[in-house]
Structures are given as C-alpha cells and as structure tokens.
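Some notes on the structure that comes next.
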Number of protein chains: 2
Amino acid sequence: MNGKKIFELHADVCKALGHPLRIEVIDLLQKKELCFSDILEVTGGLKSNLSQHLTVMTKKGILKMRREGQCNYYSLSSKKVAQACRLMREVLIESLKKQNAILEKM
Amino acid sequence: MNGKKIFELHADVCKALGHPLRIEVIDLLQKKELCFSDILEVTGGLKSNLSQHLTVMTKKGILKMRREGQCNYYSLSSKKVAQACRLMREVLIESLKKQNAILEKM
DNA sequence: TGTGAACTATTAAACACTTAAACAATGAAT
DNA sequence: ATTCATTGTTTAAGTGTTTAATAGTTCACA
C-alpha cells in the first residue's frame, strides 16, 4: 500500500462525519438501532436525501444496515464512531469557549 | 441556539478531518509541534496549498499556531483530536478487514 | 393489484481543492 | 538605512466534488 493511500482512506471515513444531518444521525443511533422512517421522523427533510446520506455512511463503514420485513434498520458499525464523535464535539465546545473568552476581553 | 445549529458546527469541525493532507498533518503533529516548513518537507506539495489547509484546520479549532522568530509553529489544539483520529482509523481498519473477509468467501 | 417503505438517477447550485502569482513580514548583510 | 533572502500567507481562476430537490423505480406483502 502506497504510503499516502492510508491517509486517503482515513480521510474518506472521516469525511462521512462532515455533514450536519450525518452527525445528527450518529447522535440518534448512539442510543439504539433505528429504522429508516424512525430516523426520518426525527431529522425531517426528504426521504431521498436521508437515504443518500445513510448510504454514504454505510459504504464508508460507519453504519451497518439490516433488513427486517419491510424496514431497514440502521446502527453504528462500532462504538468507536460514537466515541470519536463525542471527542470532536468536545473539541468544538472548547474552541467555542476560547472564542468566547476572546470576545469578552474586547 | 437553534437545535440543529450544534450539528452544523459539529459537522464543520469534523469536516476539517476530511482530507488526506489534513489527516497526514494530524498524524505528524501527534508526536510534536512542528513549523510550517518541517510539515511541508514531510508532506510535499505546494506551500500555498499546505498553508490553506493549515488555515482551515486552525480556524475550525483543531490546530493552534504560534509564531516564533521567522517560523510558524503548528500543534494540535487538544489531544482529543489525535484520539478521535485514532478511533476513526480503527473504524477504517475494521471496515477493511470486514470487506476482506467478504472477498475471501468468494 | 395496491400500498408503504426505501432506493436510484438526474441535474443545477453550492462548495472545496489545486495552482500560480502577488504580497507581507522578518532578519541578515552591506 | 537599504537591499535581499527567507518564510509563509493571500488572492484569483479554473476544476472537480457534494448536496438538495424532483421524479421515477423497486421490493415485500396484504
């Protein structure tokens, strides 16, 4: 494997976290597996769009899908996804706090 | 704050991980702070390009920058960035293994 | 055969990436 | 003080990628 190839694959997986709707879905699925229409009900928006985003996340390996009867159930492929997401949320919070502190000094 | 606003900000921070060069930089900075030209030497490519990627990461709060003498030193804003990145790398590895297992069955 | 659940295809608009060139800011040499 | 080299940053243009919206399709099953 070319030395840079791993960075491409890694970035590709990370990219799957880089959309508000996808973050919201990961947040939802932290608690438990849900089917497509359950997710749609919470997130709102178009079915086709949600479907596309779920497909992206599944292809990149951060979600798993299982078909049962007429419903498609989605879940996180690993707890590590939720952990990584939580860590990045903390990075965000710290960054917002820092910005705020700077603003208050002005 | 609008309920969805946090997802946007969160996705924005995650998006900063979604590029091969930026993953490579995070990998490098895990060990220690480095100055621009050190990073450039390892990653290769154009300096203007690297500069832009570093600026993005700094603005999104995942890197810090410090000027010393004629050099700009970059470092991770928090160990959490490295941790999150490592977790996502593990998610990738697991996903690659799974794909491989599927291929071998064929 | 009709219905509910979800996926796929298409396209225009928005956004991100690369490249090259111009532009600071600093420090050293004359 | 002036000039030069070094170290990056900024800007602008062109290209490529991602996203949202719409419409159409598939599949299971009652």
Side-chain angles (χ1 to χ4, degrees), chain A residues 2 4-5 7-26 28-29 32-75 88, chain B residues 2 4-5 7-26 28-29 32-75 88:
Chain A
N2 167 354
K4 302 254 179 185
K5 187 64 181 172
F7 298 128
E8 262 171 56
L9 293 168
H10 192 162
D12 236 38
V13 177
C14 289
K15 223 186 292 187
L17 302 180
H19 188 284
L21 178 53
R22 300 199 292 243
I23 292 284
E24 189 174 2
V25 168
I26 292 170
L28 272 174
L29 296 180
K32 63 168 193 291
E33 182 191 58
L34 290 173
C35 81
F36 182 90
S37 40
D38 294 336
I39 300 173
L40 185 64
E41 201 178 332
V42 177
T43 62
L46 297 173
K47 284 194 286 193
S48 56
N49 281 343
L50 179 59
S51 179
Q52 276 181 40
H53 284 292
L54 292 176
T55 301
V56 168
M57 290 195 280
T58 305
K59 273 189 189 156
K60 300 286 171 70
I62 76 173
L63 296 187
K64 299 186 285 214
M65 195 261 268
R66 151 182 101 76
R67 181 161 240 144
E68 184 182 312
Q70 57 212 76
C71 292
N72 289 353
Y73 285 86
Y74 287 91
S75 57
M88 291 310 288
Chain B
N2 169 354
K4 302 255 180 185
K5 188 63 182 172
F7 297 126
E8 263 171 56
L9 293 168
H10 191 162
D12 237 37
V13 177
C14 289
K15 222 183 295 186
L17 301 181
H19 188 284
L21 178 53
R22 300 200 292 244
I23 292 285
E24 188 174 3
V25 167
I26 292 170
L28 270 175
L29 297 180
K32 63 169 194 290
E33 183 190 58
L34 290 173
C35 81
F36 181 89
S37 41
D38 295 336
I39 301 172
L40 185 64
E41 200 178 332
V42 177
T43 63
L46 294 176
K47 58 184 180 162
S48 57
N49 203 9
L50 177 61
S51 178
Q52 286 178 84
H53 284 291
L54 293 175
T55 301
V56 169
M57 293 195 276
T58 305
K59 274 190 187 154
K60 300 286 170 68
I62 77 173
L63 296 187
K64 301 185 285 213
M65 195 262 268
R66 153 182 99 76
R67 180 161 240 143
E68 186 182 311
Q70 58 211 69
C71 293
N72 288 351
Y73 285 86
Y74 287 90
S75 56
M88 293 309 289

Give, for atom NZ of A/Lys15 and atom CG of B/Leu17, the distance between the pair rounded to the nearest 0.5 Å. 12.0 Å
A/Leu21 or B/Leu54, whichever maps to the more 5' nucleotide of DNA chain D: B/Leu54
Nucleotide C/dT8, atom P - distance to CG of A/Asn49 in whole Å: 14 Å
With the side chain of B/Ser48 defined as its heavy atoms from C-beta on, choose the nearest nucleotide among C/dA20, C/dT8, C/dA5. C/dA20
Mind listing the N/O atom pairs, protein and nucleotides 22-30 of chain C, below 3.5 Å?
none

N/O to N/O distances under 3.5 Å, protein versus nucleotides 10-16 of chain C:
none

Need one value for B/Tyr73: base, sugar-phosphate or nothing, where a base atom within 4.0 Å counts as base even if backbone is also close, heavy atoms only. nothing
Spacing of CE belonging to B/Met65 relative to CZ belonging to B/Phe36, to within rounding of 0.5 Å: 10.0 Å
Whole angstroms only, please: what is the CG-C1' distance between A/Asp38 and C/dG4? 14 Å
If I take atom CZ in residue A/Phe7 and atom P in nucleotide C/dC17, what distance separates them, rounded to the nearest angstrom? 17 Å
Working to the nearest 0.5 angstrom, can you tell me the gap between B/Asp12 CG and A/His19 NE2? 11.0 Å
Rounding to 10°, can you tell me the angle the first-five-pair axis of the helix from C/dT1-D/dA30 to C/dT30-D/dA1 makes with its last-five-pair axis? 20°
Using a 4.5 Å cut-off on heavy atoms from C-beta on, say whether the side chain of A/Ser51 contacts that of A/Leu54. no
Within a strict 4.5 Å, meaning less than it, do heavy atoms of the A/Val42 and A/Leu34 side chains meet? no
First locate atom CG of A/Leu63, then atom CZ of A/Arg22, and finally report the distance between them rounded to the nearest 0.5 Å. 10.0 Å
Does C/dC7 have OP1 or OP2 sitting under 4.0 Å from an N or O in the side chain of A/Tyr74? yes
Residue pair A/Cys14 / A/His10, side-chain heavy-atom distance below 4.5 Å: yes
Taking 5' to 3' order, which nucleotide of DNA chain D is first and which is last to have an atom within less than 4.0 Å of a heavy atom in chain A? D/dT18 to D/dA23
Tell me: CG of A/Leu40 to C1' of C/dG4, nearest whole Å? 13 Å
Across all chains, not counting sequence neighbours, the side-chain contact (heavy atoms from CB on, under 4.5 Å) partners of A/Leu46 are A/Ser48, A/Asn49
Sidechain-backbone polar pair: B/Lys47 side chain, B/Ser37 backbone, donor-acceptor under 3.5 Å: no
Please, which pairs that meet side-chain hydrogen bond (donor to acceptor under 3.5 Å, both in side chains) have at least one residue in residues 58-72 of chain B, sequence neighbours excluded? B/Glu33-B/Arg66, B/Arg66-B/Glu68, B/Arg67-B/Asn72
Categorize A/Ser51 for me: base, sugar-phosphate, or nothing, with a 4.0 angstrom heavy-atom threshold over every strand shown. base
With a 4.5 Å cut-off on side-chain heavy atoms, are B/Ile23 and B/Met88 touching? no
Identify whether any heavy atom of A/Asn72 sits under 4.0 Å from a base atom; if not, whether one sits that close to sugar-phosphate; answer base, sugar-phosphate or nothing. sugar-phosphate
Gap between atom CG of B/Leu50 and atom OH of B/Tyr74 - 0.5 Å precision: 7.5 Å
Should B/Leu29 and B/Ile39 count as side-chain neighbours, where that means a heavy-atom distance under 4.5 Å? yes
Work out which heavy atom in A/Ala16 is nearest to a heavy atom in A/Ile62; give both atom names and the distance. CB-CD1, 3.9 Å
